[in-house]
Structures are given as structure tokens and as C-alpha cells.
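The structure appears right after this line, and notes come after that.
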Amino acid sequence: MKPPPFAYVRPANVGEALGLLASVEDPRLLAGGQSLLPMMNMRLARAGTVVDLGDLHRLRRVLVHDSRVLVGAMCRHADLAGSAALARPLPILRQVVDHIGHPAIRNRGTLGGSLAHADPAAELPALMVLAGATLWAESLRSGRRAIPAEAFVRGHYLTALELDEMLTWIEIPQGRPHSGFGFHEYAPRAGDFAEVGAVVRVDAGDGHAPLRVRAVTIGIGDRPHVLSDDAPDASAGQRQWCAESARRLVGSLGTAVDDAIEARLLEVCLARALEHAAAGSEAS
Amino acid sequence: MGKFVGRPIERKEDARFLRGAGRYLADVVSPESLHVAFVRSPVAAARVAGIETAAARQAPGVVRVVTGSEFAELCGVIPMVYRPDPVFNECFGVEFVEPEIRALAVDRVRYVGEPLCAVVTEDRYLAEDAAELVDVTYEPVEPVLDTAGAVTDSTPSVYDHCPDNVAMRVSYALGTLPDDDAPGVVVVEDSYEIGRHSGVPLEGRGARAIYDGERGRVDLWTTTGMPHILRDVICRAAGWPAEALRVVAPDVGGSFGPKVNIYGEDAVLAVLARELGREVSWVEDRYEHLVSCAQSRDQRHRARLYADATGRIVGWKVGFDVDIGAYNFWVGGVVANTAIHLLGPYRIPACHVTGRAVYTNKTPTVQYRGAGRPEACFALERSLDRLAEVLGISRQEVRERNLLTGSDLPYAPGIPQRDGVPIVYDGADYRATFRACVDAVADEAQALRQASTGDLRIGVGYANFVEATGRGPFENARIRLDGDGAFTLWVGSAAAGQGHETSLAQVAADVLQTTPEAVRLRAGDTGTLEQGIGSFASRTAVVAGSAVHLAAGALLARATDAVARAAGAGREDVTLTEDGFRSADQPAPRSWQEVAAWFAAGGRFDGEPALEDEATFRPETVTWTMGTHAAVVSVDTGSGAVRVLRYFVANEEGRIINPLIVQGQIRGGVAQGIGGTLFEEFAYDADGQPQSTTLAHYLLPLATDVPRVEVVHTEEGPTDRNPLGVKGVGEGGTIPVYAAVASAVDDALRDGGGRAHVRRTPIRARDVLRTILDAP
């Protein structure tokens, strides 16, 4: 478990990083290294040049503008969990981050790294889709462009990024009032990758009744799936409507989930996440 | 009870281990050492049609590349380690087809991970780079991957000389089984399976070898629990005299069985060090560990339990298969243990057992903590639960009807032990131990049931076990009075974290009326003690402990003689007290320090050898530990996830040397048992590719998965089979966990009206959920 030889560079700023990305042979961006380095050690991944983004300190900031929050791609998971600015649009962020591996992983792994790695079992890509985030990618060749989170993941470990592009900022819109968020996942042990999970948002009306449910799956197929239920019926009581809505959401997935056990686990995760979210939407 | 034996003394070695001052294998590798990387087979079964090493030999830093065929000229076939006693073989109808094992595969590979070439370079990075350049041409053949398919006519053979893939057969027929349709006889029949897993220690394997040209000897440091046997095996394979190899076990970070084994890598390191005249080292990485360190369990049982209408067992019939992978140096031990321990702590008048060990194209196997006993316990305890359900009596009641009591014990079930000696359980009252555990769990279980909410269901399960511990053939100890009045103690069985530096020192300290601090243990070095066996099979406290007791007694006799000579008294007039030797000639006692000074330069006995003696203990046969485990679990009916919430252990064991160490053994054993019951499995795909090659896929139990384990009842049932009266406790913590947790899962699902019956471990949430969804 030693990597084959590779060159190593550590650019001082984004411009330098983009220059290297465009010029060196077979570059791999190191943005935390919690997936790339084990894969290199097992010789499952190879790099001509490892471009270590650890010095791009400007990308480790969280900036708040009126209606949006800009998160630097090099923000570590632990930074996200501790950010007051992010707690407002995404009150479940801390809970979600607490389910990413263990503290040592959260102290190294980054938001941009997780998104660009695009593991279908990862929590943050799903949460960014639910948040309606916009991902900003940059390259020397074509400058800066915006990619909706929903369109970013293209398959197992595949993203919309071009070979010479890197993620720089993730833009998260401010939440709307009367929205509650929920999260639930099933993993065999604490800290393991989820086998199945979901993040959900319940938008409530003035009378606190749920108007609309939006959910994003974790660990189903090759990417996060967006699910909606526009007519939840809350008259039967919270546990009941959450269970029924979860069943409809799973049904709307169609053949994307073909294993009965996986479908059942997803339904349970959705129902539990919805109960959590419903409590949040009533409180807000 | 002595002054120190029986006391909960904190472990002397922990100060070293916990402060990072332990010297593990990687710590003894010097900066000058060469490093070895092994080329390992990427396919489960293939003929090796060619191996091209030219590119590797020219790679940077490469010193030597050795292929299997080159190595075969330097070192022969590795001989088997263990064969059961002829009396046992006769009684159990043992048939054994030995494998042909080479340190590096020559013309055929038999599992993914099998080494077939060694690359020696300046460092491990370069070694892996060069190993990648070795170009092996494999001609894959159809792999043998399951025991059921392995022995049919149409399947391929792992070894040409063993066409049916059956490595070993055992069978015995004790008494007569009733006819199935005999009036009043109830029969329950089912199949049970324990998946493939093993002890995965914190420290992997490793070896470091240096050739001492002056002595003509290779010194091999390696992560082993049995240095003497390893020395003998390597010397036999390489054609060396025993003097040509010294094997040393440094601090070893966990063994659990897998490090009590013969590995080809050790032989390669020893031979290369001698050939190159330089230090060569190999420190296994976790990938190598998970594909090539020996695995275990992987048994399937077809079990039929016969009882009368009151639940009394009248017959027990089991056929079992053990998937031993490409080979198992201890195959006789695993198969015999399973066959013997199928009888459990119960009155079973008739028992017919047939067992087979089957070669497959998977990683070789070994004896792992329990070594066949967890599987036997699982089949019997699961069958008892099934019987209780069929008869409509409680799981406690069916056990109470059959457990051996004070009026049955000692009890001879009617078969011989592996050593050929007829088994006699030297226990006190197994039913009383069971009752103590059942009583302890009752209130807690009730409280947890009442507190459970939502989708959580609570269940309680029980399992009983017996364990043959402290087997021979022997262990040696040597002890010397040092110049400072303290003692150096040598034993052959190397430690891997069991606390021998404390427990064996307690034994010696009581005999010598000194303190455990004054007894320094040196274990696991063939250079300082000529013969020894090793730490496994719950035997060190019993066998090495007794040898220490005897050696300390012999040293005391010599010291008493010396004091008598000095005092001009008869030896019967000299007595040892806490303060030193007392004799009539002077009022002040003579301390050990004073006696030691007599043998130093200028001392009274200057020129005589230092006081030193040694002893060998050969147990006549094993001694039996018994215990009951009770698990309280929750099952999440939404996800199927099982959590062990509380755990209780009641043991009937012998005299206890150190209660802290015993409790640690039990708690650690339960943790490993929970791992095997809920998480751990070496999975293989349909081509024989291992699927559990990282610790993200081979799931070990975490602190969050293991509850507090309460040892509620420790009945002392001292044995007269060794001078200390001790019994082994190294494996009992693990043996019944599988059965106890499975029983608790059944119980939890019964609350929902279901009729679950767990037949296989690990118990996967997915399988539990399927049972829940399939329930009517």
C-alpha cells in the first residue's frame, strides 16, 4: 500500500492551480485526500502530478451576501459544521456532517473534494442538491461557469467538470420561511458510508400544514435522486402522513431502485427524515 | 489463595504499551534493513505458465528477486504442524490428505493473495514498484469456492492428489439414535452456518531477519505466538539444524490465533537473510493482511436434535463441513474441536457426528479464538431454541432439563479428547451457573422492554458452552535469581497482549515470597529457552503457569540449600517468609538480595553458578471451563439493524490468577464475538475474488457496537489437573456470543408475532429486514 511515483506541486493561489491543471501531465487535485490518497496507496488511482490545494486559503472562507451564502470549495467538513452562516439556510448541516466518517476525516475532507469525487453514498452532494446550490467551476481555458448541483453528478464518480476545471465556490441560496429539513441514513456502523439515506425539506404553509415535500436520496444508484411530493396529506397525523409521503416518494423512483430491501430501507429513511423535518417546519 | 495469585493487580506491561514504549516488529526494523514486497496472485485458481522478472530486476533499488521455483531450491515443502493423537484418530476415524505447501507458489496458485515471488529492495516503496513489474502469466482454472459443491464428482480439485477436496474426515457414534418415528420422540432439524472471519489484530504480521555469520545463525524476529514450533518447521523445510535459526517474538499487538501459525513469508525472510547476509524486513500492510493472513470459521452444520416430550435430549446428530481454504496447518485441531464440543454442557446419551474439512480456493485458515467451538455451540444452542419452540416450553426450561448438575459432575460423555485421554468434565454445577446468568439478566431485560419505543423491539437470548482448555503437550519455564535480588523468568509461550508479564509474575512471586515487580518475564525467544510450545488454545495460564510454579519451587529448593549451607543448618530448619529466609543461627532474616550477593564476585559462594532452575509441566489432559452468556438486543424493525444493548457472562472456571486479566479476556472475547455475529465476514465473489480487502469492507466492531459486559458470577471450580488449580479463559468470551445474540434476535422478532430463526452469522440487517417483511 505505497503509491507509485508521482510529482507533487502545491500552488499558492487559484490562478496558479488553474495554470498547473492546464499544463502538467495527468494532474490530480488533492483537496483533503480522504479518498484520493487511499486509492493511490492501493494503486487503484494514479497521478502524474498531485496538485495539492492545501494552500488555497481564500477557498476556505464562507461569505454571506444578501440572499446567498458562498462557501469556498476547500472548506473542510468540520468548518461546515461549525459555520453559523451555513446553519441558517441549512439547519441540518451539522447533523449531516456528523455522519461523514470520523473526526479525523472531517478535519481533512473538503466540500469541493466530496462533490468532485461524486461518491453516490456521500452525504454532501445530496445535501447540495436539496439546497439548490450552484457550483462554480473555473478553468484557464473558459473562465468561470455555474453548474446547478442537480446537474453536477453524471454517474459513479463522474461529474460535469472538464479535465482542466476545478470547483472554487459553492453558492447556497438562503432558505425560505416555514421550511423544515430532515436527514436519516442507514449505515452498518457509526461513521460508515451510508447504505441508504435521504435528506428532505418540508415546506409548510402559514398554518404549518405541509404544502410540499422535496427529498434527495443517498446511496441509491449512481447519483443523488431528486424526489417530490406536492400533495402531502397531513390530516392523518404526522407519523401517518410522513409514512405515506415516504411511500409515494419511493414509488416515484420507479426502476431506479429495484431491490425490495433497498426500497424499504429508503422508505424508512425518508419517513424518519420527514418526521424530523415536519417538526422543524412547524417550529420555524 | 496466595498473596498475589487471585488479586486484581494492574498489568505491569500496560505502562509500556499505553505510553507507546512497546517494541513491536516494525520498531525493531533498523534503518539499514532491506525491504521485501511479495508478488501475490490476483486470481483464485490458476496454473502459472510463466513468470518474467527481468524488468523487476532492473528496477531502482532492487537487490534480489526470487521466484517460487528458485525458492524451491533453497527451501522445501513446509511440513504440517499438528496431527491429533493416534487414539483420537482411531476413535474418530480420522482420514487426512495433507496439502503440499510452499512458501512461494511454484506452478499453481490456489487463492487470491498467495505469494509467488519476493522482491528485495532498499525500501518498501521501491519494492512495491518493482513487484508491479514482475509479469506472471496465469492460466486460470475453475475455482472451488463452496464446500457443498467442492466434493461432487464434476468439480475441479484444489490439489491433484486430493480429487474430492476433502482434507480431513472425522466421525464418531456415541450410543444409539432413536428412530425418527419412535413414539414420544420429537425431532428438530435445521442447517446452521457461521461465516468466514478471523481475529484481525491491531498489528498485522511482520518479520525481520538478520544473518549472524559468526554464529552461522539467522535471527528471525516475527509476530508469532509460537516461536519454537516456527523454528522447527522452518528448519525442517530449509534443511537446517535447529541451531541455525533463532526465532524471537517481540511485543506482539494481538494474535487471537492468526499469529499462531506458519507463514511462508517467515521462511522467505529467514532464507533471504542468510543468502544476502543482510538484514531483510517485511511489514505486512492491511491489504495483505486481509487477503493473506489466515482466516477462520466458515462452517456449515446439518443438525438433528432428538428429545422426549419433556424436552430431555435423547439423541443428537450432526454433519458438518469446514471450508479451510487452500490449507490449514491446524485442520485436525479445528475439526476435532468442533466434533468434541458439539456435546456441550449437557447430558446427551447418543450422538453421531460426521465432519469434513474441505479444500477451497480461498485464503488459508487457522484456529481463531474458539477454533471450532463457536460453530459447535451455535448448532447445539440454536437447536435447543428450536426444540423449546416446538415443545412450547421456555428456552430456559429446555436448558435446565439437560444441563449437567452437581450430581452429574464430574461427567464423562464417553469420547476421548484430542490427546487420546477419555474426556471427563471436571466441573462443579453447570446448571447453577446458567441460573445465575438468567437471574442476572431478567430485571434489566424487563426494564429495557418497557422503555423501548417506536420501531425498536427488545429480545433476550442465552447460550451455554464448555471448553477444553490448557492442552499439552508441555510448557517450560526457567527462573534465575539475579544479582539485585530480583528474578528473571523465561517461558516459551510468547505473549500478544494477554498480560503474561503480570500473571506469570504473580505465580512466581507467591512461591518465592517476593513481589510481581521483582519478577521480570522474558518470553518467546528460542535463543534463551530451548523448547516451548506457544500461546493459544487457552493454555498459557494453565500450562506455562504451572511450569512457572514448578520452576519457582525448584529455585526455592536450591536457595534453601544455599541458606542452610551458609547457616550451618539443615534445609528443614530454613524457612522462607515475606521478609526473607529465617534460620536458627541469626535473628535477622536473609533477604533474596543477600542470597544473590553470595553468588556474585567476592561473595560467599563466588564461582558457583547463579541460582537458577527450570521445570517442565506436562498436563495429563485438558481441564474444562463452562459458562453461560446472556445478550439483550434491540432490533430496529425499520432497518433490521441489531444492536447488543447489554451483555452478561457467568463462568464456572478454575482458580483465578488475576481477576482483572480474566475479566479483560472475557470482555475482549465478547467484543470479538459480537464482531463475528453482526459485522465481520471475508466475502468472496463468484470468481473467488475477495471482497473484504479494506477495513471499510471488513467491518470490525466499534466501541459504539459493544455494550458493557458484566461478569456476574464466577464460580470457582478448581481443577486437580494442574498444581495451580487453574482453567483457561482465553476463548470462552467468544464461543457462545453467536448463539446468544441469535437467540436474542429471535426473541425480539417474536414480540412482533413473527417466527424468526437466525441460521447464519453474521446477522445482516438486510437479512433481518427481509425476515420482517416476509412475516405473515
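Lettering of chains follows the sequences in order, A, B, ..., and the numbering in each one begins at 1.
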Looking only at heavy atoms, the pair that brings A:A190 and B:L702 closest together is O-CD1, 3.3 Å
One option among A:D192, A:N41, A:I261, A:V268 has the most heavy-atom pairs under 4.5 Å with chain B, and it is A:I261
The reported gap from NE2 in A:H184 to OG in B:S639 (rounded to nearest 0.5 angstrom) is 7.0 Å
Assess whether a salt bridge exists between B:E680 and A:R189, defined as any Lys/Arg side-chain N lying under 4.0 Å from an Asp/Glu carboxylate O. no
What one should report as the nearest heavy-atom pair of A:P188 and B:F679 is O-CE2, 3.5 Å
Most contact-rich option vs chain A, by heavy-atom pairs under 4.5 angstrom, among B:D636, B:T693, B:T704, is B:D636
Atom NE2 of residue position A:H102 - does it have more than 12 heavy atoms of other residues, nucleotides or ligands inside 6.0 Å? yes
Just so I know, are the side chains of A:K2 and B:D285 near enough to count as touching, which here means a heavy-atom distance under 4.5 Å?
no
message: Counting only heavy atoms not in A:L44 (residues, nucleotides, ligands), do more than 12 fall under 6.0 Å from its CG?
response: yes
Original post:
Does a salt bridge link A:R272 with B:D455, judged by any charged N lying under 4.0 Å from a carboxylate O?
Top reply: yes
Comparing B:L678, B:L699, B:T694, B:L126 against chain A, the one with the most heavy-atom pairs below 4.5 Å turns out to be B:L699
Next on the checklist: Determine whether a donor-acceptor pair (N or O, by modelled atom type, separation under 3.5 Å) exists between the side chain of B:E128 and the backbone of A:P3.
Outcome noted: no
> Within a radius of less than 6.0 Å around CZ of B:R57, do more than 12 heavy atoms belonging to other residues, nucleotides or ligands occur?
Replying inline: yes
Is it true that atom CZ of A:R108 has more than 12 heavy atoms of other residues, nucleotides or ligands lying nearer than 6.0 Å? no
Distance col, row A:R264:CZ vs B:R766:CZ, nearest 0.5 angstrom, shows 14.0 Å
Here the pair of heavy atoms bringing B:D129 nearest to A:P4 is OD1-CA, 3.7 Å
Bottom line for B:E288: the part with an atom under 4.5 Å from chain A's heavy atoms is neither
Closest non-hydrogen contact found for A:M1 with B:R124 is N-NH2, 4.3 Å
When the 4.5 angstrom heavy-atom criterion is applied to B:L695 and chain A, the contacting part is backbone
